[in-house]
Amino acid sequence: MNLDAQSLDTLCARAQAGDGRAEADLFSALRVRFLQLAKRRVRTDHIEDVVQDALKIVCDRYRERKQGVGILVWSLTVLRNVIGNYYQGRETERRHMDFVAEYPRTAASDEDPLQTALTADSIRLLQAAIRELAERFPRCGRIFHHLLAGLAGGGASQEVSTGTLAAMQKENPGLTRGGFYTALHRCRAHLRAIWDRRQGEPNHV
């Protein structure tokens, strides 16, 4: 159903008056519009989530919107805001995964022996810091367990992030994507504090 703006406004007026069939037709038509736009702006595996989020906001608020603004224009503004939040979330996710680039890698065999030793020492320090993190903050320990398992498997940062989210949601069905990245941000801060403290100790490993 791809109705014009005037037809959508008519459906909206009937829906606001209590016509359930009109409301169903209105949201069916808006869904078609939202899908068309989201397909051009959002990754395929996130299109449905973005569209559903936007439709829920429209459904919750369309009766309270400012009068004089057509339902299509208003709804598309909602969709644009949801898409904007999606991209902000993606950027936050990328920043939260920056530690992947910082994770010490084993030095290649042809590198300077001293550099190899320093790198190995950094890895041992990181492992000890993660053990302490897991003891003090068990949930953080589980997150980093899955993250490091993904890294050990050679996954790219996005694959590691997605895999860890899926693993944590399996362990905690109520965990949302936003909740996971908030927890990851806090766990990373805890790990950084432990790392910094251990680096200042004479026998830190």
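Scope of the values below: all heavy atoms of this structure, side chains included, with no hydrogens, waters or symmetry mates. Owing to the predicted nature of the structure, the values given are computational and were not obtained by experimental measurement.
- For Glu132, the salt bridge (Lys or Arg N to Asp or Glu O under 4.0 Å) criterion is met by Arg136, Arg197, Arg198, not counting sequence neighbours.
- When Asp53, Leu76, Val78 are each tested for a side chain to side chain contact (heavy atoms under 4.5 Å, CB included) with Phe34, only one passes: Leu76.
- For the atom pair CG (Leu26) and CG (Leu72), the distance works out to 10.0 Å, reported to the nearest 0.5 Å.
- Applying the disulfide (SG to SG under 2.5 Å) rule to Cys12 yields no partners; only residues at least two apart in sequence or on another chain are considered.
- Applying the salt bridge (charged side-chain N to carboxylate O under 4.0 Å, His left out) definition to pairs two or more places apart or across chains, none involves residues 75-85.
- Counting non-hydrogen atoms of other residues, nucleotides and ligands closer than 6.0 Å to CZ of Arg21 gives a total of 12 or fewer.
- Evaluation of the disulfide bond (SG atoms under 2.5 Å apart) test over residues 19-65, restricted to residues two or more places apart or in two chains, returns none.
- Residues forming a side chain to side chain contact (heavy atoms under 4.5 Å, CB included) with Ala38 (at least two apart in sequence, or on another chain): Ile47, Val51.
- Residues that satisfy the salt bridge (Lys or Arg N to Asp or Glu O under 4.0 Å) test with Asp19, not counting sequence neighbours, are Arg14.
- For the side chain to side chain contact (heavy atoms under 4.5 Å, CB included) test, residues two or more places apart in sequence or in another chain that qualify with Ala183 are Arg139, Ile143.
- With sequence neighbours excluded, the residues satisfying side chain to side chain contact (heavy atoms under 4.5 Å, CB included) with His190 are Leu133, Phe137, Cys140.
- Judged as a side chain to side chain donor-acceptor pair (under 3.5 Å), and not counting sequence neighbours, the contacts of Lys56 are Asp60.
- What you find for Gln169 and Leu175 is that their closest heavy atoms are NE2-O, 3.1 Å.
- Residues meeting the salt bridge (Lys or Arg N to Asp or Glu O under 4.0 Å) test with Arg31, sequence neighbours left out: Glu48.
- Judged as a ring-ring contact (aromatic ring centres under 6.0 Å, His included), and not counting sequence neighbours, the contacts of Phe27 are Tyr62.
- Scanning for salt bridge (Lys or Arg N to Asp or Glu O under 4.0 Å) contacts around Arg40 gives an empty result, with sequence neighbours left out.
- A 4.5 Å side-chain heavy-atom check between Leu79 and Val50 finds at least one atom pair inside the cut-off.
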